[in-house]
Amino acid sequence: MIEVLTANTPNGKKITIMLEEIGFKYKIKKININKDEQFNPEFRSISPFSKIPVIIDHDNQISLFESGAILIYLGEKSGKFYPEKNKHLINQWLMGQMAYVGPMLGQHHQFHHYNPGKSDWGEKRYFKIAEIIYKDLDDRLQKSKFLAGDYSIADIATFPWIARHEWHDIGLKNFKYLSRWYDEISNRKAVIKGFDLLNGDEKIPKP
Ligand SMILES: N[C@@H](CCC(=O)N[C@@H](CS)C(=O)NCC(=O)O)C(=O)O
């Protein structure tokens with residue numbers, strides 16, 4: 001049994017999508033980050049940066065923080081979506097998501113979605129970066145059906161961020177290959193289930 005300490009955010013959804021994909025049993029423990037529950041000492045003892053998601057694998061008596069590390073662990077444990085032969089290619093797209101795509105789109109959310117009108121500089125800067133990210137992913141997906149060979153943890157990590165496309169206002173529809181990828185992943189049963197992290201009938205937004 002895997003316990004997932006999480007919240008309903010793109011980083012949280014990566015893990016429930018993966019767990020649905022690999023068919024592992026799991027239970028959710030909600031951490032209310034709007035009420036600062038991530039700063040509780042008990043949570044901080046397994047998440048030193050006070051961030052969700054975290055998993056506790058009760059079979060192996062291990063806890064893990066950082067969504068990329070969790071995806072690698074689950075990929076290795078299940079033998080799915082992280083094949084040895086493609087590991088280095090997958091690592092590049094996964095690390096790119098963790099270090100660039102997620103944090104930059106996260107800043108775009110802050111300026112464009114949550115705090116419009118507060119900083120023209122911030123809004124313009126992150127809008128432009130978000131546009132570049134869409135274009136770079138589109139270029140990649142023109143050459144490759146998925147980000148790193150077959151469907152992998154790199155796609156699982158990236159998908160929930162693009163699923164915020166309505167907040168981004170970049171126009172997902174205008175990116176042919178990124179749209180094709182998005183559409184295909186959003187029709188997977190496990191993705192539909194894992195995306196609805198809170199079991200609240202949350203639908204994946206279609207462009
Ligand atoms: N690099 C981390 C980022 C995790 C992260 O930023 N989590 C956010 C929610 S998506 C969080 O816990 N925020 C609470 C806070 O910053 O206080 C990962 O991918 O696991």
Side-chain angles (χ1 to χ4, degrees), residues 2-22 24 26-57 62-78 81-82 87 90-115 118-119 122 125-126 129-130 133 137 147-148 152-168 185 191 194-200 202 204-205:
I2 307 249
E3 196 175 346
V4 192
L5 294 83
T6 195
N8 193 19
T9 71
N11 289 322
K13 286 174 191 290
K14 292 174 188 176
I15 308 307
T16 44
I17 289 173
M18 179 66 173
L19 285 162
E20 291 293 337
E21 288 283 15
I22 61 182
F24 279 12
Y26 65 96
K27 94 173 172 221
I28 302 258
K29 179 163 194 257
K30 280 183 250 166
I31 303 294
N32 190 337
I33 57 176
N34 297 320
K35 291 197 172 154
D36 285 350
E37 286 177 7
Q38 68 274 32
F39 300 111
N40 289 350
E42 198 191 337
F43 183 72
R44 275 179 53 78
S45 71
I46 51 173
S47 182
F49 293 124
S50 311
K51 307 274 184 227
I52 64 90
V54 171
I55 64 164
I56 303 172
D57 182 347
I62 182 178
S63 72
L64 286 118
F65 65 94
E66 277 296 320
S67 60
I70 297 170
L71 289 174
I72 289 173
Y73 175 80
L74 294 174
E76 286 179 342
K77 184 166 175 169
S78 65
F81 308 115
Y82 190 51
K87 213 167 167 169
I90 295 170
N91 285 347
Q92 292 172 77
W93 289 95
L94 178 67
M95 299 305 150
Q97 188 291 311
M98 295 295 299
Y100 178 56
V101 174
M104 293 299 116
L105 292 181
Q107 291 305 307
H108 182 46
H109 294 173
Q110 288 301 323
F111 286 102
H112 182 80
H113 179 77
Y114 287 117
N115 297 289
K118 285 202 182 150
S119 165
R125 173 177 163 82
Y126 291 103
I129 293 176
I133 288 173
L137 291 174
L147 290 173
S152 75
I153 57 172
D155 301 292
I156 292 173
T158 307
F159 177 82
W161 284 94
I162 302 302
R164 286 275 204 242
H165 57 88
E166 287 168 336
W167 291 13
H168 300 156
I185 297 177
V191 174
F195 190 86
D196 184 20
L197 183 149
L198 299 177
N199 279 320
E202 184 184 356
I204 297 173

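Note: hydrogens, waters and symmetry copies are ignored here, and every other heavy atom, side chains too, is used. Atoms within each ligand, like the ligands themselves, are counted from 1 in listed order.
Looking at E20 and K13, no side-chain N of the basic residue comes within less than 4.0 Å of a carboxylate O on the acidic one, giving no salt bridge.
For residues 64-75, the set of pairs meeting the side-chain hydrogen bond (donor to acceptor under 3.5 Å, both in side chains) definition, not counting sequence neighbours, comprises K14-S67, D57-Y73, N60-Y73.
The 4.0 Å heavy-atom shell around ligand 1 contains residues T9, N11, I33, Q38, F39, K51, I52, P53, E66, S67, M98, ordered by chain and number.
The distance from the CZ atom of R44 to the CZ atom of F65 is 11.0 Å, given to the nearest 0.5 Å. In this structure, CZ in F24 is found 8.0 Å from CE in M18, a value given to the nearest 0.5 Å. For the atom pair CG (L5) and CG (L64), the distance works out to 12.0 Å, reported to the nearest 0.5 Å.
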(message) side chain to side chain donor-acceptor pair (under 3.5 Å), that's the test. Do H113 and H168 meet it? Break it down for me.
(response) CA-CA 8 Å; H113 179 77; H168 300 156; over 6 Å; no
